[in-house]
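As a basis for the values below, the full set of heavy atoms in this structure was taken, side chains included, without hydrogen atoms, waters or symmetry mates. Numbering of ligands and ligand atoms starts at 1, following listing order.
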Amino acid sequence: MHIKFLGADREVTGSRHLIHVNGKNILLDCGMFQGKRSQEYARNIGLPFDASEIDAVVLSHAHIDHSGNLPVLVKKGFKGPIYCTFATRDLCTFMLQDSAYIQEREIEYINEKLHRKGQKDNLDAIYTLEDAEHALLSFQSINYNKEFNVTDGVKAIFQDAGHILGSANVTLNIDDKRAGKHITLAFTGDLGRKDLPVLRDPEQIEHADYLISECTYGDRVHEKVKDVEKIVADIVNRTANRGGKIIIPAFALGRTQEVVYAVHRLNNAKRIPEIPIFVDSPLACNVTEVFRNHPECFDKETYDQFIVNHKDPFGFQRLKYVHSVEESKKLNDFKGPCIIIAASGMCEHGRILHHLKNNIETPRNTILIVGFQGQETLGRKIIEKRKVVNIFGKPYRLKAEVGVVNAFSAHGDRNDLLDFAKGIDGLKRVFLVHGEQEQAESFKGLLGKHGIDDVTIPAFGDEIKL
Ligand SMILES: [Zn+2]
């Protein structure tokens, strides 16, 4: 058997690994490359293999950088099943439709630009709503901790990765019939953290010969989860006291619900002033509904609150979910302090751009960054506190305060990743993916210090025989 690394290699998006065994091909994830807008089209429109030759997909979770290119796969001839958990399937319904909507708008914009330059032919969208709906028909849901057949000689099992609702790590039990040997291959998907709000803690994979591990934060130790609320309370109080707005770019899936949950608790404890809170994202509204439908994925505290005490942790009096464009536009005229949470998380698309445009030049406001920001994205430039940033192609002075809370991260830090690898019995070799080169090298060094020496950081296209 061999693995071909075809995405999230020395970078953090576009997760995609191809396993070839017993004459069959299995894809682990089929994610979209996300990052600088100008590169996204070229990197997502094609596939580096023949889609009709893929027999099955095993999907770790619903984030677009893991699931977002499934519609392209199906459009180009994939006919097999896409295995994932129940919550992942429900989340993908909204995530893939939303992604298709973005692709359709994006191509209109690109074609307009090309027409102005004199080009007559139109480019096609990476995929359309119809393609996304078509892909969703191939999904097959599987419970956690229940072994299932993937292809000839290959069985898989999902365990809770504790990263977002429905997220799973994957263990493949493989009978390599040609080589006459049994191989256990584990994949972290995205590894979560202990004590994250709402979710259960990650489950440990007990045994594997090989591990494909993410290393997003392979060079960093996070602030403690329990410190998050204090940091957020300080920022909200400081900004509200000077009459400013707090603008929070957040992924619609996961981060938005975690921020809402934290603000809810601060609100109940009267640790922040009584100011309105807006979640300005139709996708976040839909995703929050999926959260409400999957209490089986909650940790005990959230389950008790939601099911036993009938309290909704994702809704409270001063929080408003904003659906329509008109309501969203009205927020521009809102006077006085408030919190606005909007997508996209890396500030490259979506309603957050309007809020940044309207608020970034006012010193009393705060832009609160709560998630990972890819290289060259607007979010990364804001963290770097560049004096001037471009929004919708126009320059704006960055005068607002910039706050950064890394403790919201739904990814384990280097110690969590190390503990996870050390907890696997029989591990022979590790492949590091889903981390920039610097993070991967740093984590490789840490693994080496703990006796895990055979560690590879594959480049895109590398094929490795096991
Ligand atoms: Zn993820």
Side-chain angles (χ1 to χ4, degrees), residues 7-9 11-17 27-35 44 57-70 82 84-85 87-96 98-99 144 158-170 186-194 196-203 212-218 220 222 225 249-259 283-284 287 290-291 294 297 343-346 348 369-374 377 379 406-413 416-417 420 432-436 439-440 443:
D9 304 303
E11 59 184 349
V12 291
T13 69
S15 176
R16 191 169 54 190
H17 318 297
L27 261 193
L28 285 178
D29 288 349
C30 189
M32 178 166 264
F33 165 80
Q34 294 173 300
N44 291 312
V57 176
V58 179
L59 173 63
S60 65
H61 65 291
H63 272 150
I64 285 298
D65 65 318
H66 293 255
S67 70
N69 249 358
L70 287 166
I82 298 165
C84 63
T85 65
T88 296
R89 180 203 58 192
D90 289 354
L91 287 169
C92 277
T93 306
F94 294 113
M95 296 296 287
L96 294 182
D98 180 78
S99 175
Y144 287 116
F158 289 129
Q159 287 176 286
D160 202 325
H163 166 66
I164 57 164
L165 195 83
S167 66
N169 63 45
V170 183
F187 173 42
T188 57
D190 284 354
L191 186 69
R193 304 168 65 190
K194 287 186 184 129
L196 278 182
V198 184
L199 303 174
R200 287 193 298 257
D201 290 349
E203 279 184 84
I212 303 174
S213 175
E214 70 124 318
C215 61
T216 316
Y217 290 110
R220 195 181 298 178
H222 291 321
V225 174
F251 286 112
L253 167 54
R255 194 54 37 85
T256 292
Q257 292 75 29
E258 285 158 22
V259 173
L283 177 60
V287 163
V290 178
F291 268 68
H294 285 279
C297 296
S344 78
M346 294 199 266
E348 286 292 293
I369 302 286
V370 292
F372 184 84
Q373 305 298 320
T377 58
N406 287 317
F408 266 113
S409 178
H411 290 269
D413 64 13
D416 298 317
L417 291 162
F420 191 80
L432 296 181
V433 296
H434 206 288
E436 289 170 10
Q439 283 74 30
F443 186 52

Please check if the distance between the ring centroids of F187 and H17 is under 6.0 Å.
-> yes
In Å and rounded to the nearest 0.5 Å, what is the OG to NE2 distance from S60 to H163?
-> 7.5 Å
Which is it for N69 and I64 under the side-chain contact (heavy atoms from CB on, under 4.5 Å) test, yes or no, and what are the steps along the way?
-> CA-CA 8 Å; N69 249 358; I64 285 298; over 6 Å; no
Could you check L283 against M95 for side-chain contact (heavy atoms from CB on, under 4.5 Å), going step by step and ending with a plain yes or no?
-> CA-CA 7 Å; L283 177 60; M95 296 296 287; 4.0 Å; yes
Ring centre gap for H66 and H434 strictly below 6.0 Å = yes
Apply side-chain contact (heavy atoms from CB on, under 4.5 Å) to the pair D160 and S167, showing each step before the final yes or no.
-> CA-CA 6 Å; D160 202 325; S167 66; 4.2 Å; yes
May I ask you to determine how many protein N/O/S atoms are under 2.8 Å from the Zn ion (ligand 1)?
-> 4
